[in-house]
Every structure is written in C-alpha cells, then in structure tokens.
Asker: 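Submitted below is the structure of interest, expressed as structure tokens.
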Amino acid sequence: MKLSTFFLNTLKEEPRDAEVISHKLMLRAGMIKKLASGIYSYLPYGLLALRRVETIIREEMNAAGAQELLLPAVQPAEIWKESGRWAVYGKELLRFFDRKGAEFAIGPTHEEVITDIVRDHVHSYKDMPLNLYQIQTKFRDEIRPRFGIMRAREFIMKDAYSFDADDESAEKSYKAMFSAYERIFSRCGLRFKAVEADSGPIGGSFSHEFMVLAETGEDSILSCSRCTYAANQEKAEVAKPDVYSWEDALDGSPREVHTPHIRTVQEVCEFLDIQPQNLIKTLVYTTEKGPVAVLVRGDHDVNETKLCRVLGCENLELADEVFIQEHTGAPRGFAGPLGLKMPMVADTALLKNGPFVAGANREDYHITDVWLTRDARIQSVEDIRAAIEGDSCPRCPTGKLQVIRGIEVGHVFKLGTKYSSSMNALFLGEDGSLNPIIMGCYGIGVGRTVAAAIEQYHDEHGIIFPPAVAPFQVLVLPISLGDTKVMETAGALYDAFKDRGIDPLMDDRDVRPGVKFKDADLIGVPIRITVGAKDLAGGYVEIKNRGQGTIEKVAPDRAVEYCIEQLQHKGMMFDRTD
RNA sequence: CGGGGCGUAGCGCAGUCUGGCUAGCGCACCUGCCUUGGGAGCAGGGGGUCGGAGGUUCGAAUCCUCUCGCCCCGACCA
C-alpha cells in the first residue's frame, strides 16, 4: 500500500474528548472516528488492525473445532420473553418497534438466537458436542460509554456457544475454549492473565476472564505472589484467618461510651484514638428476603457480589436513613451487632484481633470491648469483604495477594441449562431420556483487544503495534522522491516484500522527512526501512525496530531477509496455524 | 439518574463576563516559490447558518428562555 493514496489522516494535536492513551492514539493515528457517543467508525487503518485480530480468532476457533455462522443483529422480543431476559435485561437492551408495531431489540448478545437455532436442529446426543461462533456487531446501551472503542455501545464481538450432552463433555468444551483463548492472546503478542470470575446470576461452576495487563485497565485483579491464583475483584476470595481463642476474649466486657455526633469510621477512630481495624462497621442492607445487617472491619469494604451469593438473594441495596432509624433505633452511623433485631452476617476478619468497637444502636453512643462471637448473636460468619492488597492467598499457605490492573478482553463461562431449559432446547440421550442441552458461552471483545494492545504497547511518540496485530508489518520510507536511486531501491524493496507475502506500507508522499518519521512512529509499524541518498552511497539502508528502538545498517539486497528474520526471531511474525 | 464542564472551519482554541465595522488564531487543506534525515520558511487562497429554536435589542457568537449533543466524576453494569 502506498501512503500517497491510502486513506489515512493523522492528527498532530490531541483530541479533546479522549481520556485514555489507546483512545487518543487511535484517533490520532486515523484508526477510528466517533459518530455518536459510544459509536465509532473504523477507518481503513483501524479496520486492518481489527481484521488481524479477527483472523487470529477465526483460525484458533476453527482449529478448536468451532464452526462460524452469522446471526441477525435485530432480534424479535419473543425469544427474549421466552428466555425471561426481556424483563430482566433493563435499559441496556435497545428496544424498538417495527412498522407493524412488533417489538424488537438490537442484540447485545446472542444466547436466545443461537438456542433457537439449536433447538430446531439438534435432537440427539449424537449431534454433540457442537460449538458455533459468530463475529459481529452488537449493541449495549451503556449508561456511560467511555474510553473510545474500549467501552463503546456498538462493538464487535466474537461469541461462541458450546452444546454438550453431559457435564463431562461440557467441561471438555470449556477447557478447549480456554486453551484456544490462551493461544489467541499469545498470538496477538499480548501480556495477559486468565482470572477466576464470578459467573453471576447465570450460575455454573466455571468462569474465567482473560485480562490484558495494563496500568490503565478498568478492572482490578487480585493475584497471588506465590501460586497461580488470580481472580477479579468481584470474585477474589480471602483466606480464613486464625480464630481468636476464648482466653483472649475474656478480658473486658462491653461498655457503652458517649460519642456525640461521631458517626463515620474516621471520626470514631479519632475520637476514641483507635485504628479502623479495631472497629466493626455495621451496614444495613435490604434484600428481597428482608433486611440484613452486614458486619465488616472498619478498614474493609463489603464485596456485594460475594454477599449476594452468601445470602442467596438477587437484589441488594443499602438501606436508607429512615429504614435504619426504624430498624436499629438510631440514626445512620450508630448501628452495631449488639441487640440488633435482624439477621446478621459477619466477615471472617472479625474472628480475629478483638476486641472491637461497634455502634450501640443508640444515638451518640458506641460500645467498646466487643468480642463478636461472645457478645453478639451472629447467624453466620462468611467471606464477604473485598479482597485487598496484602491479604493472604486463599489457595496457598504463604502467598499474599497483590492488586494488578487489567482490561477484560475475553470471558468464558458455563451457562448450564439456563437457556436450553427456558427455551426448550432438548435432546434425546443414549438411554432415551429427554434432557436440556448443556451450554457454554465464550466471548472476545475484538475492538477492545485492539485497544488493549495499544494500551499495553505504546510510548510518547505513538503506537508500537505487536506485529501480529499491526496493519502493516513493514514501512518503506524513501527520504527524497526526487532521487532516482532512492526511489528505485525503495520500489525494489517494496516489490520484494510483496513477493514474500508481506504487505508493506510505502511512504511515497512528497513531504519532508520529519513528517514521515513522526507519522511512522505514531502509527506504530513494527519495522521501518529508511532509504536515503547518503546511506545508499555508503551501501546500506537503515532498519529501525519500533519496539526496541534499535537501528541497523543493512545492505539493500539483504534488507528484506533481515526484516523477516527480525519479525520471526523476535517472535513478532504473524504466525499462521492453518 | 445526581454533580460539574463544554458546543465558534476537519482538528485544537481565542472572542462571550462588559452586545457594535467584514468573526479571529494555530494545525490540516489548495496554488506558487523555496526546501528535503525528526512535524521547515515565504507569499497568496478556500472553507463558518458561532449546536438548534424562540425572545430582548437599532444591532446578538456575546443577554434571556427552551431544546439537542458531547465530555468528566459518581451511582450502575457484560
């Protein structure tokens, strides 16, 4: 491709609305253009990168035995009502009417559609295992789209669905996808981590998220320093602490102290001269099963996902001021476990390091010398707090959890029979019994993967594409268009790359060299070959590795070979498996 | 949905408080000269219903009312 005719417009100045690096660079490098909030066009340069990722995904999915199909973006309300999600999905599902008044939605995901297909075509255990996938545009009407293509409303996603006759087979399907994902992100050249995730209300025993590691990532990951345990913030467990002994618990007995207008953790600590870890924070939640008091240490936060699972409830909300006054007998800030008349759940951390200070359920009073299991009627002690840096690993004896940031690019989970049951996707087993198909679902944000690659690989000059994702792997940059020798050499290199099956980009624009160099750095082509008159007189061209910043002088007739070696040697080559 | 901010040329901005000649600047774009190893210089040029509607006024980018869009923080969420 010749740059003089390629549809590419780079920007010198930073777009005002862009916040994160990948968004800024994608706009500046002419990859995308915003049409509306969370809705973007892919311009040719951006599309090339997107296609690279798509191709890798396609190859690995096919290699794993999945079959590609294409599903409609517009979906009738009926199938959503059948699965029960029409009522549950909320405003994120963009709904509308057609001319006849029939109700439709734009697909945010395709479980219903795929289940509808499979229930009509799969009737026997002999038809499985089956794995079908699609790569296409989806729409979720996000409350707040941001970060450009990373969290857009319209986005391109690969979704695969597996169908199995029994759990063992379903687990195999899951593992096959898991390792396909490892290959996909490895081939993209990304540093990533698969972390345990909460499978949410859908249930199921497995769920993993694939996170591209980047400082600017939106998600927190807790990862063990010693073993392989890693989980997202929602799921991350905390090791059970040693429980205090009853001898310790004997000293002191609960005493009320006057704490006028002292209600926040910080205020109580200052007033009584104690540390937050010596305080019991009592939070009142309302659920569909009634109110519940949740006790955590003053320096800890409740993890509502874990709490929900422990309580077995679906809706969880912090109670308001009025509710608290009514049920604890005191305004917000003075609730405590002693004498509280509602179910209580305490976090495991409260089994250790007593005694504690807690609210007295009486305005302007707290209670000191509280030993939780001695003094309060606690229904259950569970792991319900958010894990934090330095917590003990739940899987190994000595590891500590550390917090790292990541961008979620993939999610694999077991759906079980949620959709097959509600939508009647049944099959006949070997024994003649009729059962719902066991499903799994495996997504990859394609556009987000491109953004994540940029987020992970860039410097102050621009993008540094991993070669497998790069729209072009090589850029031929002749310095002076007026010099015949330069243009001949550049042209020969350009043709030679094409002969070797590499599509090079040639900057044949009649602009000053500085402009070309700046653009080359910005758009992040992995290898740049500069052809200049002086170098040619010396018998060489200059080959720059964008990632390493190294520059080598190489004879023109060896240049193509050298570049290919570089791309292969550094593991940078776009390596095909099919 | 709550709080904050912004809409003036493709991009980045000034002008708005305190109304007044033909609405400016930088980048980008076009023409010419010149230049050619890290976003050169000179000269000339094109491009705007100042987000939209209504109002006040002799006169509105500027003041008032309504409205639409966009961004950030928060709440929320695959």
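Numbered from 1 within each chain, the chains take letters A, B, ... in sequence-line order.
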Asker: Nearest to the side chain of A:Lys34, which nucleotide is it out of B:rG39, B:rG38, B:rC70?
Answerer: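 Looking only at heavy atoms from C-beta outward on A:Lys34, the closest nucleotide is B:rC70.
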Asker: What's the closest nucleotide to the side chain of A:Asp535 if the choices are B:rG26, B:rG37, B:rC71?
Answerer: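 Nearest to the side chain of A:Asp535 among the choices is B:rG37.
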Asker: Hey, is the side chain of A:Arg151 pairing donor to acceptor with the base of B:rC77 inside 3.5 Å?
Answerer: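 Side chain to base: pair found, below 3.5 Å.
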Asker: Indicate, with a heavy-atom threshold strictly under 4.0 Å, whether A:Lys516 touches base, sugar-phosphate, or nothing.
Answerer: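 It contacts nothing in the nucleic acid.
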Asker: Pairs of donor and acceptor atoms involving the side chains of residues 512-525 of chain A, under 3.5 Å and at least two apart or interchain, shall be tabulated with distances.
Answerer:
from	atom 1	to	atom 2	distance (Å)
A:Lys516	NZ	A:Pro478	O	2.8
A:Lys516	NZ	A:Asp507	O	3.0
A:Lys516	NZ	A:Arg509	O	3.1
A:Asp519	OD1	A:Thr10	OG1	2.8
A:Asp519	OD2	A:Arg509	NH1	3.2
A:Asp519	OD2	A:Arg509	NH2	3.0

Asker: Looking at the side chain of A:Lys12, which of B:rC27, B:rG37, B:rG38 is the nearest nucleotide?
Answerer: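 Looking only at side-chain atoms, A:Lys12 lies closest to B:rC27.
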Asker: Touch check for A:Tyr89, heavy atoms < 4.0 angstrom, all strands: base, sugar-phosphate only, or nothing?
Answerer: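 Since only primed, P, OP1 and OP2 atoms lie under 4.0 Å of A:Tyr89, the category is sugar-phosphate.
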Asker: Can you tell me which nucleotide in B:rG38, B:rG39, B:rC70 comes closest to the side chain of A:Lys544?
Answerer: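 Minimum distance to the A:Lys544 side chain belongs to B:rG38.
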Asker: Does A:Arg95 count as lying over the ring of A:Trp80, i.e. NZ or CZ under 6.0 Å from the six-ring centre, within 45 degrees of the axis?
Answerer: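 Here A:Arg95 fails the 6.0 Å and 45° test against A:Trp80.
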Asker: From the list B:rU36, B:rC76, B:rC71, which nucleotide is the closest neighbour of the side chain of A:Ile143?
Answerer: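 Within the option list, the nearest is B:rC76.
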Asker: Go ahead and name the base partner of B:rC29; Watson-Crick or wobble counts if both distances stay under 3.5 Å, otherwise write none.
Answerer: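 Pairing partner, where one exists within any strand: B:rG45.
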Asker: For residues A:Thr109 and A:Glu111, is any side-chain donor paired with an opposing acceptor at under 3.5 Å?
Answerer: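 Side chains of A:Thr109 and A:Glu111: pair found under 3.5 Å.
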Asker: If you only use heavy atoms from C-beta on, which nucleotide in B:rC72, B:rU36, B:rG39 is closest to the side chain of A:Thr10?
Answerer: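 Selected nucleotide: B:rG39.
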Asker: So if I take every side-chain heavy atom of A:Arg512 and compare against B:rA75, B:rA40, B:rC72, which nucleotide ends up nearest?
Answerer: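 That would be B:rA40.
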Asker: Select base, sugar-phosphate, or nothing to describe what A:Asn9 touches, counting heavy atoms under 4.0 Å on all strands.
Answerer: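 A:Asn9: no heavy atom of the nucleic acid under 4.0 Å.
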Asker: Tell me what A:Glu542 touches on the nucleic acid: a base, only sugar-phosphate, or nothing, going by heavy atoms under 4.0 Å.
Answerer: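 Base contact.
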Asker: For each nucleotide in nucleotides 2-9 of chain B, reading 5' to 3', give B when a protein heavy atom comes within less than 4.0 Å of its base, S when such contact involves only the sugar-phosphate, and - otherwise.
Answerer: ----S---
Asker: Before giving the answer on salt bridge (Lys or Arg N to Asp or Glu O under 4.0 Å), spell out for A:Arg153 and A:Asp141 the whole-Å C-alpha distance, their side-chain angles and the decisive distance to 0.1 Å.
Answerer: CA-CA 5 Å; A:Arg153 293 144 89 201; A:Asp141 201 355; 3.2 Å; yes
Asker: A:Arg144 has a side chain; which of B:rC11, B:rC70, B:rC72 sits nearest to it?
Answerer: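 Given the options B:rC11, B:rC70, B:rC72, the side chain of A:Arg144 is closest to B:rC72.
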Asker: Is the distance from OP1 or OP2 of B:rC71 to the nearest side-chain N or O of A:Ser37 less than 4.0 Å?
Answerer: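 Answer yes for this pair, as a side-chain N or O of A:Ser37 is under 4.0 Å from OP1 or OP2.
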Asker: Between B:rC76, B:rC70, B:rG39, which nucleotide has the shortest distance from any of its atoms to the side chain of A:Arg146?
Answerer: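 Nearest to the side-chain atoms of A:Arg146, counting from C-beta on, is B:rC76.
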Asker: Relative to each other, are the rings of A:Phe178 and A:Phe210 parallel, tilted or perpendicular (30° and 60° limits)?
Answerer: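 Geometry flag for A:Phe210 against A:Phe178: tilted rings.
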Asker: When all nucleic acid strands are considered with a 4.0 Å heavy-atom cut-off, which category describes A:Arg448: base, sugar-phosphate, or nothing?
Answerer: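 Base contact.
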Asker: Only one of A:Gln136, A:His411, A:His110, A:Lys138 forms a side chain to side chain donor-acceptor pair (under 3.5 Å) with A:Asp159, so which one is it?
Answerer: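 So the option named by the test is A:Lys138.
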Asker: NA contact type, A:Arg28, heavy-atom cut-off 4.0 Å: base, sugar-phosphate, or nothing?
Answerer: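 Since a base atom lies under 4.0 Å of A:Arg28, the category is base.
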Asker: Determine whether any donor atom in the side chain of A:Glu14 lies under 3.5 Å from an acceptor atom in the base of B:rG12, or the reverse, and answer yes or no.
Answerer: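 Check fails, no donor-acceptor contact within cut-off.
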Asker: Salt bridge or not between A:Glu542 and A:Arg528? Use side-chain N to carboxylate O under 4.0 Å.
Answerer: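 Salt bridge flag = yes for A:Arg528 with A:Glu542.
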Asker: From C-beta outward on A:Asp17, which listed nucleotide comes closest to its side chain: B:rC70, B:rU36, B:rG37?
Answerer: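 Of all the options, the side chain of A:Asp17 is nearest to B:rC70.
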Asker: Check the side chains of A:Arg85 and A:Tyr419 for a donor-acceptor pair under 3.5 angstrom, ignoring hydrogens and angles.
Answerer: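 There is such a pair (donor and acceptor under 3.5 Å, judged by atom type) between the side chains of A:Tyr419 and A:Arg85.
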Asker: Whom does B:rC70 pair with, Watson-Crick or G-U wobble, provided both distances fall under 3.5 Å?
Answerer: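 B:rC70 is paired, partner B:rG5.
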